[in-house]
Amino acid sequence: MGVEKTQEARVQAKLPELQHRNFRNDEFWRDIPGWSAVTRDEFADHRWQTKNSIRKIDQAKKILGKLLTEEVYQDMVEGQKITPMNIRITPYIFALIDWDNAADDPLRKQFLPLGSQFLEDHPFYLEDSLGEDDDSPVPMIIHRYPDKVLFLPTSICPVYCSYCTRSRLIGGSTESVEKETYGANQKNWEAAFDYLMKMPLIEDVVISGGDAYMLTPAQIEFIGESLLKIPHIRRVRFATKGIAIFPQKVLTDDAWLGALKKVHRLAISYGKQVVVHTHFSCPREITKWSQMAMDRLFQMGIIVRNQAVLQAGVNDKVEDMVLLTRALSYLNVQPYYVYQHDMVPGCEHFRTTLREAVELEKAVRGTTAGFNTPTFVCDLPGGGGKRHVASYEYYDEENGISVWRAPYVKPNEYFLYFDPIHKLSAEAQERWRDKEQHQVMIDAAVEKSGVKAKLNG
Ligand SMILES: *Cc1c(COP(=O)(O)O)cnc(C)c1O
Ligand code: SF4
């Protein structure tokens, strides 16, 4: 008895450490006035989720009724004038937003930007910050590393993230950006497969976009089979934010899941891998629905890994990142990467300093199994590829300039990442206001890094 009590007390004392197992299972969507009568079965139906996705601010206003204050409404209208992304939000995510606290809500922040929260872009922002267009030998293929490529067969997603790194391509045009690309352009796929066929070094294809959730079952099968038939291709990853923001599809779209299952089985018969990469950002997205969806995928033998983007007010607190990591691990999702935010337009309010990323990495490591501990990476502006956040050559924290090398990917170049200016000291912010100081600060950081002597050629 005494021993049992001690154990009980020990478990009690550790309760915060068990928080990651408490998956929300209430009918939370019924708190949204427009959905108060929606049953659990309706909410579970992927067609209902798609049909009722929020695509306009007015629609949000109608569904929310008095839950939406006039102030937040007007602020969202202003946000639409600035953001490079269209709106699309699944009812699942929309209903998980805490509308009483809309301004601070991490889910609202990702999908429904407020005009008042945008900051001026950093002077070194680029629409194609990662230099993907330079590494694209044929449309829809990005070939930067020797043995792996990105294949981008579609430009649409089940939700639109206001911080998308490919905002120049993804979704429809907005008030601030014209886009030529839209939808799944099957015409160009053959050219992509031909390219892959001719490149015997390529073993690994990431099917991204856009989002693999938006491919039809026939397209999933066609792409999967076409890639797996290429002898040197060993690993195929389907990338989708879907599991995080629309778990109902995994549970009720049997045709889509059936196609994935078929491609997965085919891969196994060839001795190859088909896995899914997803994108949970913060613990608030994880509910019993996520667990049920993951159980279904896990029982099919499908490995799922997670890639999150580090964002202020979404997942930049140690306790949130630890909780996210543990909850994902518990669901059998392997936390794979946490990305330093890309330097693309309309994201300055989301970005953290590199120092914050390094400190988070330190705090998270040790909290759970090593194989469930994400690697924190910075995908270097200009196409140096992904690097561990602490592997910079030099970091001028005062001016927020880090200097990097990518010895294998681009041995003759060095790369720069810049911290968000609003997080720097008042003096540094003053220097950034003076255009003539930009190159002076950069030259000093590059000089101190000694990077030029280390480049080949
Ligand atoms: C991220 C990325 C990959 C995949 O990289 P992993 O580190 O293997 O996940 C492949 N190609 C490009 C261009 C990428 O940006
Ligand atoms: S799901 Fe991915 S590709 Fe689509 S908008 Fe979000 S970040 Fe961009």
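Quick caveat: nothing in here was measured; it's all calculated off a predicted structure. Read the numbers this way: they start at 1 and go in the same order the structure lists the ligands and their atoms. Counting begins at 1 with the first residue of the sequence.
- Separating the OH atom in Y160 from the CZ atom in R55 is a distance of 6.5 Å, to the nearest 0.5 Å.
- The closest protein non-hydrogen atom to atom 8 (Fe) of ligand 2 is C164 SG, 2.3 Å.
- For C157, every heavy-atom contact with ligand 2 shorter than 4.0 Å involves the side chain, none the backbone.
- Residue M85 approaches ligand 2 through these ligand atoms, each under 4.0 Å from one of its heavy atoms: 5 (S).
- At a 4.0 Å heavy-atom cut-off, ligand 1 does not touch Q307 at all.
- Just one residue in the list V206, L152, V149 forms a side-chain contact (heavy atoms from CB on, under 4.5 Å) with I142, and that residue is L152.
- At a heavy-atom cutoff of 4.0 Å, ligand 1 is contacted by the side chain of K386 but not by its backbone.
- If you check which protein heavy atom lies closest to atom 7 (O) of ligand 1, you get Y337 OH, 2.5 Å.
- Applying the 4.0 Å criterion to heavy atoms of R237 picks out, from ligand 1, the atoms 4 (C), 6 (P), 8 (O), 9 (O).
- Annotation: side chain of E42 is not in contact with side chain of W29 (no heavy-atom distance under 4.5 Å).
- Among M214, K241, H279, Q307, the residue whose heavy atom lies closest to atom 1 (S) of ligand 2 is K241.
- In this pair, H122 and F124 present their aromatic rings tilted. The plane angle is within the 30 to 60° band.
- Below 4.0 Å from some heavy atom of G210 lie the following atoms of ligand 2, by number and element: 3 (S).
- For ligand 1, the polar-atom distance check against Y339 finds no nitrogen or oxygen pair separated by under 3.5 Å.
- Protein heavy atom at the shortest distance from atom 5 (S) of ligand 2 is C161 N, 3.4 Å.
- Closest non-hydrogen pair, C347 versus Y125, comes out as C-OH, 3.7 Å.
- In terms of polar-atom proximity, defined here as any N/O pair under 3.5 Å, E132 makes no such contact with ligand 1.
- When heavy-atom distances to ligand 2 are checked against a 4.0 Å cut-off, R166 has no atom that comes that close, whether in backbone or side chain.
- For the pair K249/Y92, no side-chain contact is recorded, criterion being any heavy-atom separation below 4.5 Å from C-beta on.
- Listed by number with element, the atoms of ligand 1 under 4.0 Å from a non-hydrogen atom of I142 are 13 (C).
- A donor and an acceptor atom, one from each side chain of D379 and Y417, are nowhere located under 3.5 Å apart.
- Taking CD1 from I97 and CZ from R108, the interatomic distance works out to 7.5 Å, rounded to the nearest 0.5 Å.
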